[in-house]
Protein chains: 2
Amino acid sequence: MTTDEMLRLENQLCFPLYVASRLTTRMYGPLLEELDITYPQYLVLLALWQTDNQPVGELTKRLYLETSTLTPLLKRLEQKQYISRKRSVTDERSVLIALTESGQALKEKAVCIPEKITELFRSSTIDMQELTGFYQTLQKIIQHAG
Amino acid sequence: MTTDEMLRLENQLCFPLYVASRLTTRMYGPLLEELDITYPQYLVLLALWQTDNQPVGELTKRLYLETSTLTPLLKRLEQKQYISRKRSVTDERSVLIALTESGQALKEKAVCIPEKITELFRSSTIDMQELTGFYQTLQKIIQHAG
DNA sequence: TACGATTATATCGTACACGATACAAATGTA
DNA sequence: TACATTTGTATCGTGTACGATATAATCGTA
């Protein structure tokens, strides 16, 4: 590859990665609107539905986000009454994030989302095997860059 | 897959896509800092180095960004004197984005970036063939979601 | 047990990112 | 040629995203 080719938009792997991420996020918009949450807020709830009552630091690790991103996001989820923020008793530095009843109930309304997204990709030419390989490469990238 | 498994963070393809995109973007940070530009600004310049003197609308299409994102970004690049914004003579609605001399010169300082990023992934277990497949799947996703 | 180092969050400033809305220039058509 | 429609950008409000910095609680150790 020449230097000129190296600098082509499409040849920088980061670019399609960046575009694909934003476009797929956009696909969630209409579905999440019904739950009155954004995509990153959805990811936080996914993490909590899986493991509830976690300190902020644990969530930053799982989501690969900085506390400077997560703290205000969590406050918005608190305002929506989906989560609670409580100082840990054993460690006053820690803030524990827990689902409210409302937040737990939301899970039932969210179960259909993965299916609907899968459905949107049904007509694409991406089969299960390809997806598995794609997923594995993503994991490698995350491992390497994280 | 059970509904509970469907709602696991890792099983939603969107999530690793979102993380991988942010983490790779972070890798560019230190390299781009030397050019005094951000990652999205770098992508705009890549597009211009490839095809100069384009209307804003053309850039939004190539980068899959809204004008509400691009307009302020372009103004910042203008402030840094890397690009110029001129109303088209043939169509007064259009704003043509062109590289300044300084912006063209920046290309020389940027040619090493793709190499350096590739270098950072050298020790990873991702080979050329895997990368090609990964790239093709990304394209399919973009085509389908775009 | 003082006290410097570390840890867990929070705050601030800057820069995206996008939907909704606005508006002027251009276009199509009666 | 009036004028409704479309097109190309811009503006505004909300919500990420992150580095730098701040601060209180905890820990390590002399």
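Computed from a predicted structure; not experimentally measured.
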Describe the nucleic acid contact of Leu70(A) in one word from base, sugar-phosphate, nothing, applying a heavy-atom distance below 4.0 Å.
nothing

Heavy-atom nearest nucleotide on DNA chain D for Glu33(B) versus Pro40(A): which residue maps closer to 5'?
Pro40(A)

With no hydrogens and no angle check, do the side chains of Ser88(A) and Thr90(A) hold a donor and an acceptor under 3.5 Å apart?
yes

If only atom types and distance count, is the side chain of Arg22(B) paired as donor or acceptor with the main-chain N or O of Tyr64(A) below 3.5 Å?
yes

Any donor-acceptor N or O pair under 3.5 Å, side chains Thr137(A), Glu130(B)
yes

May I have the distance from Arg87(A) (atom CZ) to dT23(D) (atom P), rounded to whole angstrom?
15 Å

In whole angstroms, how far is the P atom of dT9(D) from the NZ atom of Lys61(B)?
9 Å

Think Thr71(A) has a side-chain N or O under 4.0 angstrom from the OP1 or OP2 of dA10(C)?
yes

Ring centres of Tyr18(B) and Tyr39(A) under 6.0 Å apart?
yes

Could you tell me if the side chain of Leu45(B) sits less than 4.5 Å from the side chain of Ile83(B), heavy atoms only?
yes

Could you check how far CG of Asp91(A) sits from P of dT7(C), rounded to whole Å?
12 Å

Separation of dG8(D) atom P from Glu92(B) atom CD, nearest Å, is 15 Å

Classify Pro72(B) by what it touches in the nucleic acid, base, sugar-phosphate, or nothing, heavy-atom distance under 4.0 Å.
nothing

For Glu58(A) and Arg76(B), find the nucleotide of DNA chain C closest to each by heavy atoms; which residue's nucleotide sits nearer the 5' end?
Glu58(A)

Separation of Leu73(A) atom CG from dT16(D) atom C1', in whole Å?
7 Å

Kindly point out which of dA8(C), dT6(D), dG15(D) is positioned nearest to the side chain of Arg93(B)?
dT6(D)

Touch check for Thr38(B), heavy atoms < 4.0 angstrom, all strands: base, sugar-phosphate only, or nothing?
sugar-phosphate

Could you tell me the separation between the CD atom of Gln79(A) and the C1' atom of dT14(D), rounded to a whole number of Å?
12 Å

Look at Lys75(A) and dT11(C) and indicate whether a side-chain polar atom (N or O) is within less than 4.0 Å of OP1 or OP2.
yes

Touch class at under 4.0 angstrom, heavy-atom based, for Thr67(A) against every strand present
base

Considering just the side-chain nitrogens and oxygens of Ser94(A), establish if one lies under 4.0 Å of OP1 or OP2 belonging to dA25(D).
no

Given dA17(D), dA8(C), dA15(C), the nucleotide with the shortest approach to the side chain of Tyr18(B):
dA17(D)

Please report the distance, rounded to the nearest Å, between CG in Leu65(B) and P in dG8(D).
17 Å

Establish whether the base of dG19(D) is bridged to the side chain of Ser68(A) by a donor-acceptor pair shorter than 3.5 Å.
yes

Electrostatic pair Arg87(A)-Glu92(A), nearest N-O below 4.0 angstrom
no

Considering only side-chain heavy atoms of Glu66(A), which listed nucleotide, dA26(C), dC18(D), dA15(C), is closest?
dC18(D)

Looking at Arg22(A), I'd like to know whether one of its side-chain N or O atoms comes within less than 4.0 Å of OP1 or OP2 on dC16(C).
no

Protein-nucleotide distance (Tyr42(A), atom OH; dT16(D), atom P), rounded to Å:
15 Å

